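First up is the structure itself, then whatever we jot down about it.
Please read these numbers as outputs of a predicted model, since none were measured by experiment.
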Amino acid sequence: MSNDAGQSLASQVDRASDPQDNEGTSDSTQAAAAEGSDPSASVTGESQEAGPDAASPNSSSSLQSEEPSAQGLAQHSDAANATSTEPSLESVDEPRDDVVPGEIIVVYDSAVSSGSQTFSLEDQAQPDGLDVQVVEEIAPADGDVGPTVVAEIPDDTTVDEAVEQLSGAPGVAYVQPNYLYQLIDGFDVSVADGGASILSEEAASKATVNDPYCIDTREGKNQYYLYNSNVIDAWDSAKSDGSATVAVLDTGCRLDHEDLQGTLDAAHAWDAYHDVALDVSPTVSAGDNNGHGTHVCGIVSAQANNAVGIAGASYNAKVLPVKVFSDEASNASAPTAKIVQAYTYLDGLIKSGALSDLRVVNMSLGLYGESDPAFESAIEKMRSEHNVLTVCAGGNGVNGVPKTERSLPSDFDACLSVTSLNQDRTYSPWADYNEYKDIGAPGVSLLSTYKDSSSSYAFLNGTSMASRWLPGSPLCCGRPIPI
């Protein structure tokens, strides 16, 4: 699922850019306007998350790049999609690329406390002298379940050996690997290949907002998806308008973006990977090194009716970015432990009263496998204790070919799994499918906010974009969620 976002997201719309920077770019890939001019007058190209066709993964997507051919562009390499269903302990040879090496996650039973950071499992659960040291607690004890911790294992012991030896030990509820999840991201494709959007004057007349890209009727320069999904009509009866919060667990968010200033919960934005506030994270430029998280936040809740950029589907729900991925601009990964810590952070905000209106958690990360009980437990707890639904991208296949294997976390029973639809509401041929997928939503050529400047926008394709629809729905954010 992971892809080279440094290339795939390089072409973006920047309203503040000099129009001269756009010379040589094809009109079919125009995305937004130079500042002070018609909002669709300047050109920077289009960035996409997924699609069925191909070109070289090493091709450049700079502002002056050539328009993609009619045959499409090739998908960047995808480590998560290349990972087969989780192997059994008996069949695994280290090193594994789907786990954090040298670490395991231990969940204690209710009778055992993890104690301090230097607590050893020697007395409670260490068989045959296996030296395992707890380094971090990622979730506190809760009811019948003890604390959840990350523990380091000896260099001469594989993750699978440690899990096998410690499973069933006294004081331990269960042990598992610290899995590595990849960003469900994508690759460049032209507007035409992605299905160019043509919005009729009649359709645009339904809009009650003044955001320029929401009402632009020119091909490939509008938010057609708000109309295809009937969100425009839904706003007549339900608008979030600050009454609900959506947490986006992703690559972070550009905190100073012009179109998020009225909706972004910057005060609680968090870097769970480093366990610090996002605005002081020492390794994250402007809040998002990758751009994916900023794009997601805009689809959910770019400020509507502010005469700038786009309108988010929620009509001004608050959006809370929580960074769970590593810092790389491309090929970033999110360990189970960091994702669980993100849920622990949200749980703490709710219990303290600092966050009283969280309705949805949204994620675009994945791993093909059968189980991750620590992750699944965090999702189930958020749902059962706080009535907060987790919505996940269903997966973009590999090299344009959809996969049917179980994908985590989207295929957990407690999650809503979203797959992608084309602009004509047909199934996107590259989107994963199986009996665990729950719903389809527009996932082709979606325009949203981006990370390159405080006024940049980009197009993306993929189930990541489709999975923003339920979190962004005013019916979801503004009214009780039936769970």
Out of Leu346, Val296, Thr390, Asn362, which one pairs with Leu249 under the side chain to side chain contact (heavy atoms under 4.5 Å, CB included) rule? Leu346
Axial cation check for Tyr213 ring with Lys221, 6.0 Å and 45° limits: no
Separation between OG (Ser333) and CD (Gln182), nearest 0.5 Å, reads 5.5 Å
Passes side chain to side chain donor-acceptor pair (under 3.5 Å), Ser428 versus Asn422? Steps please. CA-CA 5 Å; Ser428 299; Asn422 297 324; 3.0 Å; yes
Look at the side chain of Tyr225 and the backbone N and O of Leu447, then say whether any donor-acceptor pair between them is shorter than 3.5 Å. yes
Partners meeting ring pair (Phe, Tyr, Trp, His ring centres under 6.0 Å) with Phe412 (sequence neighbours left out): Phe375
With sequence neighbours excluded, residues passing side-chain contact (heavy atoms from CB on, under 4.5 Å) with Gln303: Asp259, Thr263, Asn306, Asn316
Is it the case that the side chain of Ser453 and the backbone of Ser455 share a donor-acceptor pair, with hydrogens and angles ignored and the cut-off at 3.5 Å? yes
Does Asp256 have any salt bridge (charged side-chain N to carboxylate O under 4.0 Å, His left out) partners at least two apart in sequence or in another chain, and if so, which? Arg254
Mind checking whether Pro409 and Ile379 have side chains closer than 4.5 Å, heavy atoms only? yes
side-chain contact (heavy atoms from CB on, under 4.5 Å) with Ser200: which residues, sequence neighbours excluded? Glu202, Ala203
Of the options Leu183, Asp288, Thr294, which is the one that meets Asp250 in a side chain to side chain contact (heavy atoms under 4.5 Å, CB included)? Leu183
Have Ser417 and Asp438 got a donor and an acceptor in their side chains that come within less than 3.5 Å? no
Heavy-atom side-chain contact between Val361 and Leu389 under 4.5 Å: no
Would you mind listing every salt bridge (charged side-chain N to carboxylate O under 4.0 Å, His left out) that reaches into residues 325-335, with sequence neighbours excluded? Lys323-Asp327
Under a 4.5 Å cut-off applied to non-hydrogen side-chain atoms, are Thr283 and Ser281 in contact? yes
So, the side chain of Thr419 versus the backbone of Gly440: is there a donor-acceptor pair under 3.5 Å, distance only? no
Those residues that, when tested against Asp142, pass salt bridge (charged side-chain N to carboxylate O under 4.0 Å, His left out) (two or more places apart): Lys381
The complete set of ring-ring contact (aromatic ring centres under 6.0 Å, His included) pairs with one or both residues in residues 321-341, sequence neighbours excluded, reads none
Do Ile138 and Val150 pass the side chain to side chain contact (heavy atoms under 4.5 Å, CB included) test, and can you show the C-alpha distance, the side-chain angles, and the key distance before you say yes or no? CA-CA 7 Å; Ile138 58 176; Val150 176; 3.8 Å; yes
Check for a donor-acceptor pair, side chain of His292 on one end and backbone N or O of Tyr450 on the other, with a separation under 3.5 Å. no
Within the 4.5 Å heavy-atom criterion, are Leu408 and Tyr179 side-chain neighbours or not? no
Would you say Leu199 and Asp216 make side-chain contact, with heavy atoms under 4.5 Å? no
Within 45 degrees of the axis of the six-membered ring of Tyr436 and under 6.0 Å from its centre: does Arg406 put its NZ or CZ there? yes
Salt bridge (charged side-chain N to carboxylate O under 4.0 Å, His left out) contacts in which one or both residues fall within residues 407-429, not counting sequence neighbours: Asp411-Lys437
I would like to know whether Ser445 and Gln423 meet side chain to side chain contact (heavy atoms under 4.5 Å, CB included); could you show each step before the answer? CA-CA 8 Å; Ser445 294; Gln423 294 186 15; 3.6 Å; yes
State which residues pass salt bridge (charged side-chain N to carboxylate O under 4.0 Å, His left out) with Asp241; sequence neighbours excluded, sorted by chain then number. none
Over 12 foreign heavy atoms within 6.0 Å of NZ, Lys351: yes
Looking at Thr404, is its backbone amide N or carbonyl O close enough to the side chain of Asp432 to form a donor-acceptor pair, meaning the two atoms are under 3.5 Å apart? no
Would you say the side chain of Val391 lies within less than 4.5 Å of the side chain of Cys415, judging by non-hydrogen atoms? no
Is the backbone of Tyr368 close enough, under 3.5 Å, to the side chain of Ser407 for a donor and an acceptor to pair up by distance? no
Got Asp271 and Asp275 here, is their nearest side-chain heavy-atom distance under 4.5 Å? no
What heavy-atom pair brings Ile310 and Asp211 nearest, and what distance separates the two atoms? O-OD1, 3.2 Å
Steps toward side chain to side chain contact (heavy atoms under 4.5 Å, CB included) verdict (Cys214, Leu226): CA-CA 8 Å; Cys214 182; Leu226 293 178; 3.7 Å; yes
Please examine the side chains of Leu446 and Leu460, heavy atoms only from C-beta on, and report whether any two atoms are closer than 4.5 Å. no
Should Asp347 and Thr344 be marked as a side chain to side chain contact (heavy atoms under 4.5 Å, CB included) after you check the CA-CA gap, both sets of side-chain angles, and the distance that decides it? CA-CA 5 Å; Asp347 178 68; Thr344 299; 5.5 Å; no
Please, which pairs that meet ring-ring contact (aromatic ring centres under 6.0 Å, His included) have at least one residue in residues 237-291, sequence neighbours excluded? His257-Tyr457, Trp270-Tyr345
With sequence neighbours excluded, tell me which residues meet side chain to side chain donor-acceptor pair (under 3.5 Å) with Asn178. Glu103
Donor-acceptor contact present, side-chain Asn289 to main-chain Ser285, <3.5 Å: yes
If I take atom CG from residue Leu367 and atom CD from residue Glu405, how far apart are they, to the nearest 0.5 angstrom? 11.5 Å
With no hydrogens and no angle check, do the side chains of Tyr181 and Asp98 hold a donor and an acceptor under 3.5 Å apart? no
Sequence-distant partners of Tyr227, ring pair (Phe, Tyr, Trp, His ring centres under 6.0 Å), two or more places apart: none
Donor-acceptor contact below 3.5 Å, side chain Ser352 vs main chain Leu349: yes
